[in-house]
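Predicted model, so just to flag it, every value in this text is computed and none were measured. Every chain is numbered from 1 and lettered A, B, ... according to where its sequence line falls, protein lines coming before strand lines.
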Number of protein chains: 2
Amino acid sequence: MSRQREAILSAVRESCCHPDADMICARVKEDIPHVSLGTVYRNLGRLAEEGLIRRIAVPFAADRFDKTLTPHGHAVCPSCGDVSDLPEYISASLEKALGECISYELTVRRECEECKKLKNIQFKN
Amino acid sequence: MSRQREAILSAVRESCCHPDADMICARVKEDIPHVSLGTVYRNLGRLAEEGLIRRIAVPFAADRFDKTLTPHGHAVCPSCGDVSDLPEYISASLEKALGECISYELTVRRECEECKKLKNIQFKN
DNA sequence: AAAAAAGTAGGAATAATTACTGTTATTAGT
DNA sequence: ACTAATAACAGTAATTATTCCTACTTTTTT
């Protein structure tokens, strides 16, 4: 567990959004300025393989990384691109319906609360 | 609706698997040998935007295209990469749980029947 | 401390996809 | 039918996300 790998893992764990490799790289650069994007990708890949983080493939966008290990779906906001977790009851019902399955990706496109509010304000004016 | 676009649309509609741009291009080349991959991509994109076909983003693989327009999930076989449709009752229960949502991508990784059989045979020997 | 192993930086390579350019085909107006 | 305008195409260059490669550095083992 090198200094870089440690920093990369921390960056994912500290994040509340679901960062992609670029965002992680930018964050790690604050502490280790000469870290390379290649190193970030390699370590994110390894950490995901080792099961310390999860890699999520968002359609039409770069892969993102998630500190939460239990399987769950994601919501992508079409307006701002923000990725958030879907509540557990949704994955629970899905898993029940699916039965035997190795893993799944569920990505829902729906407006986040922030953007919904913003639109309401705009319509009022 | 040009000859090329027509051919590309037909290729998707005729397909029973969920072809990617390359597969479509190969199929269209049988009729129009000098069609270019760029044209295939451009038209697949347009057809998807116009709602005549659906574009599905499979994690860790090239996008695939689907003649079926109603929302539904997909199963990817980890052994052979084959993509098939999930039964309707799964999407129905998911949509019920989701409530308000623009669209979703559901990709499940699970062994297809073919590969399951093949593995059984191998174990028996 | 020397040798071996693991890890890194930086850039080249790859794959999927899109954008650009010059050419061709189609349509509309006269 | 003839020309101008529009749309589409082929082919290629560019972009983006990602992995691979090579030489260098750090860490571990003996």
> Enter the distance from B/C17:SG to B/D85:CG here, rounded to the nearest 0.5 Å.
11.0 Å
> After noting the C-alpha distance and the side-chain angles of A/L44 and A/V12, does the key distance pass the side-chain contact (heavy atoms from CB on, under 4.5 Å) rule?
CA-CA 9 Å; A/L44 285 172; A/V12 176; 3.8 Å; yes
> Salt bridge or not for A/K116 and A/E113, using N-O below 4.0 Å?
yes
> Quick one: list whatever passes salt bridge (charged side-chain N to carboxylate O under 4.0 Å, His left out) with A/R27, sequence neighbours left out.
A/E14, A/E30, A/D31
> Over how many whole Å does the gap from B/F60 atom CZ to C/dA16 atom P extend?
15 Å
> Does C/dT8 have its OP1 or OP2 closer than 4.0 Å to a side-chain nitrogen or oxygen of A/S2?
yes
> Can you pull out the residues from residues 41-58 of chain A that lie within a 4.0 Å heavy-atom distance of DNA chain C?
A/R42, A/N43, A/R46
> Check for me, please, whether B/L106 and A/V76 land in the same ILVMFWY cluster - side-chain distances under 4.5 Å, paths through other members count.
no
> Supply the atom-to-atom distance B/S84 OG to B/R110 CZ, rounded to the nearest 0.5 angstrom.
7.5 Å
> Here's a test of your reading of the structure: between A/D63 and B/T39, which maps to the more 5' nucleotide of DNA chain D?
B/T39
> I'd like to know whether CD of B/E88 has more than 12 heavy-atom contacts from other residues, nucleotides or ligands below 6.0 angstrom.
no
> Near DNA chain C, under 4.0 Å by heavy atom, which residues of residues 18-37 of chain A?
A/H34, A/V35, A/S36
> Could you tell me the separation between the OG atom of B/S79 and the CZ atom of B/R109, rounded to the nearest 0.5 Å?
12.0 Å
> Treat primed atoms plus P, OP1 and OP2 as sugar-phosphate and everything else as base, then score nucleotides 21-27 of chain C 5' to 3': B for base contact with protein heavy atoms under 4.0 Å, S for sugar-phosphate contact only, - for none.
-------
> What distance separates A/D63 CG from A/R55 CZ, expressed to the nearest 0.5 Å?
4.5 Å
> Could you give the distance from CG (B/L9) to CD1 (B/I24), rounded to the nearest 0.5 Å?
9.5 Å
> Side chains of B/R13 and B/S10: any donor to acceptor distance under 3.5 Å?
no
> Just how far is it from atom CD of B/E50 to atom CG of B/N43, taken to the nearest 0.5 Å?
9.0 Å
> I'd like to check the ring-ring contact (aromatic ring centres under 6.0 Å, His included) partners of A/H74; sequence neighbours left out, ordered by chain and number.
A/H18, A/H72
> Heavy atoms of chain A, cut-off under 4.0 Å: which first and last nucleotide of DNA chain D, 5' to 3', fall inside that, if you could look?
D/dA17 to D/dT19
